[in-house]
Amino acid sequence: MNNLYMAPSPHIHSGDSIGRNMYGVLLALVPAFFVSLYYFGLGALIVTAVSVASCVLFEYLIQKYLMKEESTVGDGSAILTGVLLAFNLPSNLPVWIVILGAFVAIGIGKMSFGGLGRNIFNPALVGRVFLLISFPAQMTTWPVPEVMSMNYTDVETGATILTLLKEGSGDLPSYAQMLLGNRGGSLGEVGAIALVLGLIFMLVRRIITWHIPVAVIGTVFLFTAILHAANPAFASPPVHLLSGGLLLGAGFMATDYVTSPMSRRGMLIYGVGIGLLTTVIRLFGSYPEGMSFAILIMNALTPLINTYVKPKRFGEK
Amino acid sequence: MLKTFHIGGIHPPENKLSAGQKITQLNLPKQVIIPLAQHIGAPASVTVRKGDEVKVGTLLAKANGYVSANIHSSVSGKINKVDSAFDTSGYSHTAIYIDVEGDVWEDYIDRSDTLIKDKLMTPQQIIDKIADAGIVGLGGAAFPTHVKLYPPPECWATVLIINAAECEPYLTSDHALMMEKGEEIMSGINLLMSATRVGEALIGIENNKQDAIRHMQQLAKEYRGIKVVPLKTKYPQGGEKQLIEALIHRQVKSGELPISVGAVVQNVGTAFAVYEAVMKRKPLIERVVTVTGKDVARPSNFLVRIGTPISQLIEAAGGLPANTGKIVSGGPMMGRGLTGTEIPVVKGTSGVLLLPEKDAKRKPARDCIRCAKCIDVCPMGINPTALMTATEFSNWEAAEQNHITDCIECGSCAYICPANRPLTDYLRMGKRKVMGIIKSRKA
Amino acid sequence: MILIAVISLGVIGAISAIFLYAASKKFEVYEDPRIGLVQEALPGANCGACGYPGCAGFAAACVNSNTMDGLFCPVGGADTMSKVSVILGKEADGSAEPMLAVVRCNGTCKARPKINRYDGARNCSIASALYAGETGCSYGCFGFGDCVTACAFDAIRINPETGLPEVNDENCTSCGLCVKACPRNIIEIRRKGPKSRRIYVSCVNMDKGGTARKACDNACIGCGKCAKECAFGAITLEYNLAYIDYTKCRLCRKCAPVCPTGAIHETNFPPRKEIKAPATNDTNKI
């Protein structure tokens, strides 16, 4: 009788864990990964593998030797950062740049704040934006989809939908091509149907709530619809939804637990902010794509949103 | 669409292992230990001495002040001693030890099974009888019932709410009671309606107890003003404020009592005890206790005399499983852990839960990942993780501003937390501290 | 071109300067400059031990009151107070003796066997609200370190071997934050004593002797032998617990050897010359 546990209530737990959520998101990303393997072949595999391996290794080394604490790489959050970083890179990016991106993502984006749960910005996006600014040429040459390509850095390159829109030249891919993922772009962002499938999976498993994705996508749709109606020179809403990293960003990057607001009302504000900023950068900024910047800017506003937007209390009007 | 409350809530595995088990009378123990503090409020003051002969129903201790309750002997025999005994928390408090001899009842108690439906009484007479019998809320909080029946000045009750949600996993004592003592419960509810002068009573039952809903609906047809309302199964439906919202769609504001929306809430077990106290003049000397657990040989619902050691209940249910890691008095969400089994059953003991070691041990806590699941499930709409941080760093102003005092300690946040953070532990502590600060500021 | 740039910059500068000057005049808050001076002389820990909200509050109180009676910074001690009195030209209340926090529990892991495993949040207040503790003693130290968290001077640490907090004589300022933090009232502020010599009962268990002894080998069992031995009436026995009043104790050391459980602690005394008593008390505990 001497070994009974004593603790305050509750005495049972749901069994939910950080790992369960992280691996759930990873599972949701599997269809999109297959799409990228199909269209970008070997390059997609190399970039993803290098990114994941280096993210995990950097997190392990930093926790063990710099922070001198028990390693928690097993929870899958470093793997997820690695996958998301890779999904935001072109599939012909040289290995050393990928490793550098992973180092910035984990070392600066995450561990310098104290590790999972304390970072302010989405680590994968920190890595991605660092690379975008440091290596603009490599980061904006996109391989042309080629079924099961065995080429890596020596692939044929072309423009993305958003660059085409920005430059106002060339023919856009058809809607069917956009939905399937047969278009230029970062390796994980192309397969619209696959990404939506993953998003539905996360909603069903209750890993995330609908608020952020719906707010982002709805805002972009509404905003571009108004602009398109006012001036048909702007692309129509479906083109905007299916191009660039919008679906990947709205479903998998903006919904990152740590860097998004905690109350549902806050999530809606945050999502609308991302949608507005993305559209503004895409249509009026000098970059063709604005998702990463929009999410990072709203990440910075998250503490403010958390302070001022509280959940609705019981008994409160 | 079934009715329920609208903010937060969880649905843990129900594990109602002892559902459908008949209530069985537990054998009398050799000795009972009856603590003087079995209720919220001042401990009762002893009226007997060592060596006194007592019968079942003899007054042992008198209510000490307004918020307190009488305590009666649950057995017949001789007072062995009045000494300290360990309570569920392991702190020692005064208790009366009685050596059991035979089973002789006081003459004033009507022990027949005849159902008494109507008796002409004034509200005051009813409340006095309830107070005499030492009835307390049997849902677990053990608040003296007669105090709850006096509305504060300027307040009028319009509806009586009977809590039969039994939203805690594992527990089935209320369920069993409804199946077997439905008529008596209805009569008890009638008495409570007269005592509070209301014309309407709503019995809230979660729809995982279909047979009880049907049975009670059948019985309710014969009573005016009593209605059975099936509720969607969701924890913490049995929370006072949550139940009121589910049944009458009104939210009791922060810091206010149910009476502010015209509601008086009583547990279904209390309604049965009220029937026995008023119609049969039987004081609160026994109650139904669920003994359960995944590895318990015979999960059961026992009718147990107050003061019986918990070890005897466990024995009757097939003994303590070898892998037991934690013994809980009450349900798994809000019950109290016990350090041993030689602790007596008291008025508020609704169940004894034996958790296997692997369920009992908490996993190590990690940093908050701000997933906001605790906010989603909080039935009071507060921010548990922010409040835990405020409490950890003794930031009482922040805790107060973020309404830590609204916390009902239901445990939903800690239950759901993927980082295994002890949210409820800290919120409970922080709430006490902040309430103390508010009190001293008013003084 | 250059001229235009210089002029426009100059004008912007001038306008800003005027604006700043006007704002500083309009929103100026007068503060007695002596408050700042006094605050500089204070330790700056903002511990609140003086009874005022932080050092700034205490400094304001010193400046605004007519006499310094009752105003004392226990952290800085007489030195600091004399500095303050020089600044303000008032007589300082320098009567206070140096004090120290003393942990009155010696229920080490060895002496106090565990009878259950605590699995909740590692916080003394939470554990204390829940139950009596992992051992049979419902008065003793939990060892989760609420006092350590509260201490602003790094003066108290949990010894991993005993599981009990230990006070560092050098760092302790007797501010009393640990006393407030301890949910079991184990820590007491006592006289530091000449050469840090102190004698105290290192136990707060009020259970009857048998119960206390069963729970902990080092418990005070309330036998009263020490009280009989004391020639100065410094030891009182209440609720099965001996207490040594440090204002009456003359540090004669007669009580410690008679304690059957070694609950009376002596600190920083030279070793005894003859070993006559059976009681072995671990001196220099702290």
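Every chain is numbered from 1, with letters handed out A, B, ... down the list of sequences. For clarity, every value in this text was computed on a predicted model and none was experimentally measured.
Taking CZ of C:F58 as the reference point, atom SG of C:C73 lies at 5.5 Å (rounded to 0.5 Å). The OG1 atom of C:T162 sits 3.5 Å away from the CG atom of C:N159 when rounded to the nearest 0.5 Å.
Inspection of non-hydrogen atoms places B:R336 of residues 328-336 of chain B under 4.5 Å from chain C. Along residues 345-371 of chain B, the residues that come nearer than 4.5 angstrom to chain C, judged on non-hydrogen atoms, are B:E357, B:A360, B:K361, B:R362 in order of number. For residues 129-141 of chain C, heavy-atom neighbours of chain B at less than 4.5 Å comprise C:A129, C:L130, C:Y131, C:A132, C:S138, sorted by residue number.
Among residues two or more places apart in sequence or in another chain, the side chain to side chain donor-acceptor pair (under 3.5 Å) test is passed with C:N46 by none.
Counting only distance, with no hydrogens or angles, the side chain of C:N218 and the backbone of C:N106 share a donor-acceptor pair below 3.5 Å. Judged purely by atom type and a 3.5 angstrom limit, C:R104 has no side-chain atom pairing as donor or acceptor with the backbone of C:C203. For the pair B:Q401 (side chain) and B:A398 (backbone), a donor-acceptor distance under 3.5 Å is absent.
Contact of the B:M429 side chain with the B:D425 side chain is not registered, since no non-hydrogen atoms from C-beta on lie closer than 4.5 Å. The shortest distance between side-chain heavy atoms of B:R49 and B:V82 does not fall below 4.5 Å.
A donor-acceptor contact closer than 3.5 angstrom links the side chains of B:N323 and B:D295. Between the side chains of C:S125 and C:D146, at least one donor N or O lies within less than 3.5 Å of an accepting N or O.
When the shell of 6.0 Å around OH of B:Y91 is examined, it contains more than 12 heavy atoms from other residues, nucleotides or ligands.
Looking at C:T149, there are no atoms closer than 4.5 Å to chain B (heavy atoms on both sides), in backbone or side chain. Interface residue B:Y426: backbone and side-chain heavy atoms are both found under 4.5 Å from chain C.
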message: For a ring-ring contact (aromatic ring centres under 6.0 Å, His included) check, start with the C-alpha distance between C:F144 and C:Y118, then their side-chain angles and the critical distance, and finish with the verdict.
response: CA-CA 11 Å; C:F144 300 142; C:Y118 181 68; 5.2 Å; yes
- request: Decide side chain to side chain contact (heavy atoms under 4.5 Å, CB included) for B:C407 and B:L387; before the verdict, give the C-alpha distance in whole Å, the side-chain angles of both, and the deciding distance to 0.1 Å.
  value: CA-CA 10 Å; B:C407 176; B:L387 289 170; over 6 Å; no
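Looking at B:K433 and B:E400, no side-chain N of the basic residue comes within less than 4.0 Å of a carboxylate O on the acidic one, giving no salt bridge.
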